[in-house]
Peer 1: 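Okay, handing you the structure first.
Counting starts at 1 for both ligands and their atoms, following the listed order.
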Amino acid sequence: MKILVATDKPFAAEAVSLIREVVEKSGNELALLEKYTEKQQLLDAVADANAIIVRSDIIDQDVVNAAKELKIVVRAGAGFDNLDCAALKEAGVVAMNTPGQNSNAVAELALGMMVFQARNHYNGTSGSELKGKKIGIHAYGNVGRLVGVIAKGFGMEVCAFDPFVDKATIEKDGVTVFDTVEELYSNCQYVSLHIPANDKTKKSINYDLLSKMPKGGTLVNTARKEVICEEGMVKLMEERADFRYLSDIAPANADEFAAKFAGRFFFTPKKMGAQTAEANINAGVAAAEQIVKFFATGDETFRVNK
Ligand code: 3PG
């Protein structure tokens, strides 16, 4: 079987070697398309692929139409909003993700951005410490839980809101659980976002919710920019000079932030949360192993388009 790794933002070289090892040892063939600049390059590369491993690369109806031999797509990562799951299902193609594999990298970035902001971007002025501050974890999945673990190391008080996780499970980690999202935002100076981007969550982090945050409110977004109501964020930051926004990937209106809110925001130029050798190896190898197992035994663990 031909397994294509199609990554606009490439994996670390070591991860690619290990993916190759898994693929070739199992008697399959590896093809590589990295740093492509045109959609057509992806459409050409998928034509004879039986499986594809992607990161945030967009797998839409055009790609599905072009991939006539395709049986499975694995998103090497957690969020699969880049896959048209319905189109894949319609074409009889299995879609999977690799949950948990890159979570530590994302969690470390969330805390890293918080320290960077608390120390005024290391500009030589006196900043503040994370110790003793409250952090609210909005969605207590693989990344959220690890953010909590690291935040505790900083001496932060960890709180969470997640209607999909049993309260007692979260409390076992020594985390205070709030029953409503409004309570979480009202009580925490820092909020770290870990919700997926879907029809229900897009633009859901809006002015009303953010304005509940206490003085020095700082939103840390290592999830997806689409979940933020950007107009609401701008309105709030115009009204509140104490409010700060940190995001792993710049919002559409980044120029407006640069013009109006210097020193109160930080945006990564590319999605950086999972950009570590360790995360690339964990997620990339897991994706390759899932594909090999699927072809060998039909195993559909981690399928997301049932
Ligand atoms: C994820 O959903 O796993 C992260 O956002 C990582 O995305 P990336 O593989 O494009 O860096």
Peer 1: Distance only, no hydrogens: is a donor on one side chain within 3.5 Å (strictly under) of an acceptor on the other, for N28 and S26?
Peer 2: yes
Peer 1: Using distance alone, decide if ligand 1 has a nitrogen or oxygen within less than 3.5 Å of any nitrogen or oxygen in G77.
Peer 2: no
Peer 1: How are the rings of F257 and F261 set to each other: parallel, tilted or perpendicular (split at 30° and 60°)?
Peer 2: perpendicular
Peer 1: To which protein heavy atom is atom 10 (O) of ligand 1 closest, and what is the distance rounded to 0.1 Å?
Peer 2: S56 OG, 2.4 Å
Peer 1: Could you identify the single nearest non-hydrogen protein atom to atom 5 (O) of ligand 1 and state the distance to 0.1 Å?
Peer 2: R224 NH1, 2.9 Å
Peer 1: If you have a sec, work out which protein heavy atom is nearest atom 3 (O) of ligand 1 and how many Å separate them, to one decimal?
Peer 2: A78 N, 2.6 Å
Peer 1: For ligand 1, indicate whether the residue N102 contacts it via side chain, backbone, both or neither (heavy-atom separation under 4.0 Å).
Peer 2: side chain
Peer 1: Please enumerate all residues that pass ring-ring contact (aromatic ring centres under 6.0 Å, His included) together with F116, with sequence neighbours excluded.
Peer 2: H121, Y122, F266
Peer 1: For T268 and D248, run side-chain hydrogen bond (donor to acceptor under 3.5 Å, both in side chains): C-alpha distance rounded to whole Å, both residues' side-chain angles, the deciding distance at 0.1 Å, then the answer.
Peer 2: CA-CA 5 Å; T268 55; D248 181 19; 2.7 Å; yes
Peer 1: Nearest heavy atom to atom 7 (O) of ligand 1: which of K271, Q275, R75, M272 does it belong to?
Peer 2: R75
Peer 1: Residues two or more places apart in sequence or in another chain: which of them pass ring-ring contact (aromatic ring centres under 6.0 Å, His included) with F294?
Peer 2: none
Peer 1: Side-chain contact, heavy-atom cut-off 4.5 Å: V175 with I137?
Peer 2: no
Peer 1: Going by atom types alone, do Y190 and Q117 pair a side-chain donor with an acceptor below 3.5 Å?
Peer 2: no
Peer 1: Does ligand 1 come near enough to G79 that some N or O of the ligand is less than 3.5 Å from an N or O of the residue?
Peer 2: yes
Peer 1: Using a strict 4.0 Å cut-off to heavy atoms of A274, name the atoms of ligand 1 that fall inside it.
Peer 2: 6 (C), 11 (O)
Peer 1: Of the protein's non-hydrogen atoms, which lies at the shortest distance from atom 11 (O) of ligand 1, and what is that distance?
Peer 2: K9 NZ, 2.7 Å
Peer 1: To the nearest 0.1 Å, how far is atom 9 (O) of ligand 1 from its closest protein heavy atom, and which atom is that?
Peer 2: R55 NE, 3.0 Å
